[in-house]
Amino acid sequence: QSQLVESGGGLVQAGGSLRLSCAASRSLFSFNEMGWYRQAPGKQRELVAGITSGGITNYADSVKGRFTISKDNAKNTVYLQMNSLKPEDTAVYYCRGRRIQTYYWGQGTQVTVSS
């Protein structure tokens with residue numbers, strides 16, 4: 001029933017790596033674009049990385065060079081590889097897909113980076 005389901009979050013030390021997965025219930029080609037967002041306590045949800053159906057990517061300045069968004073169309077899965085993690089990366093990470101004018105959100109996965 002859920003359109004998007006995230007996994008891969010957890011606790012990691014600063015400087016470590018983590019890979020998040022977002023499994024979609026339908027073909028990724030049915031989405032105009034997919035993205036990863038995050039929300040820390042007391043802060044507004046923000047875009048971390050996005051990827052279009054054609055594979056064009058974009059990143060927030062704060063994660064450029066450290067995070068990589070990718071997708072496996074055969075598995076209907078979007079990934080977020082996070083390297084050189086910092087405590088300020090701590091947040092709930094959400095997968096979002098856009099289909100025309102409809103937005104789909106995953107339930108979120110917690111990422112905690114200890115100093």
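We use all heavy atoms of the structure for the numbers below, so side chains are in, but hydrogens, waters and symmetry mates are not.
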Val113 and Met82: same hydrophobic cluster, using ILVMFWY side-chain contacts below 4.5 Å? yes
Closest heavy-atom pair and its distance - Tyr94, Gly108: CD2-CA, 3.5 Å
Spatial distance of atom CZ (Arg38) from atom NZ (Lys43) [nearest 0.5 Å]: 7.0 Å
Could you tell me whether a side-chain N or O of Arg96 sits under 3.5 Å from a main-chain N or O of Met34, the two making a donor and an acceptor? no
Same cluster or not: are Trp36 and Trp105 linked, directly or through other Ile, Leu, Val, Met, Phe, Trp or Tyr residues, by side-chain heavy atoms under 4.5 angstrom apart? no
Membership question, hydrophobic clusters at under 4.5 Å side-chain separation (ILVMFWY): are Leu18 and Val63 in the same one? yes
Strictly distance-based, threshold 3.5 Å: is any side-chain N or O of Thr68 a donor or acceptor partner for the main-chain N or O of Gln81? no
Kindly give the heavy-atom pair with the smallest separation between Ser27 and Asn76, and that separation in Å. CA-OD1, 3.4 Å
Any Glu46 side-chain heavy atom under 4.5 Å of Tyr37 side chain: no
Within 45° of the axis and under 6.0 Å from the centre of the six-membered ring of Tyr104, does NZ or CZ of Arg98 qualify? no
Are Ser25 and Gln3 linked by a side-chain donor-acceptor pair shorter than 3.5 Å? yes
Taking NZ, NE, NH1 and NH2 as the nitrogens, is one of them in Lys86 or Asp89 under 4.0 Å from a carboxylate oxygen of the other? no
For Ser17 and Ser84, which heavy atoms make the closest approach, and how far apart are they? OG-N, 4.3 Å
Please report the shortest heavy-atom distance between Ala14 and Ser115, naming the atom on each side. CB-CA, 4.3 Å
Is Arg19 close to Leu80 at the side-chain level, that is, under 4.5 Å between some pair of heavy atoms? no
Asn58 pairs by side-chain contact (heavy atoms from CB on, under 4.5 Å) with which of Thr52, Ile69, Leu47? Leu47
Nearest 0.5 Å please: distance from the CZ atom of Phe29 over to the NZ atom of Lys71. 5.5 Å
When you compare the side chains of Thr77 and Asp72, does any donor N or O come within less than 3.5 Å of an acceptor on the partner? no
Same hydrophobic cluster for Val12 and Leu20, using side-chain heavy-atom links shorter than 4.5 Å among ILVMFWY? yes
Does Asn32 reach the main-chain N or O of Ile100 with its side chain, forming a donor-acceptor pair under 3.5 Å? yes
Taking Thr109 for its side chain and Gly9 for its backbone only, find out whether a donor-acceptor pair lies under 3.5 Å. yes
Group every Ile, Leu, Val, Met, Phe, Trp and Tyr by side-chain heavy-atom contacts under 4.5 Å, then state whether Val48 and Leu85 land in the same group. yes
Sole residue of Arg45, Gln110, Glu6 in side-chain contact (heavy atoms from CB on, under 4.5 Å) with Val92: Gln110
Apply the test side chain to side chain contact (heavy atoms under 4.5 Å, CB included) to residues Ser30 and Arg99: give CA-CA distance (whole Å), side-chain angles for both, the deciding distance (0.1 Å), then the verdict. CA-CA 7 Å; Ser30 69; Arg99 178 178 165 80; 3.4 Å; yes
Calculate, to the nearest 0.5 Å, the distance between atoms CD1 and OG belonging to Ile51 and Ser70 respectively. 7.0 Å
Check the angle between the aromatic planes of Tyr93 and Phe67 and answer parallel, tilted or perpendicular using the 30° and 60° thresholds. tilted
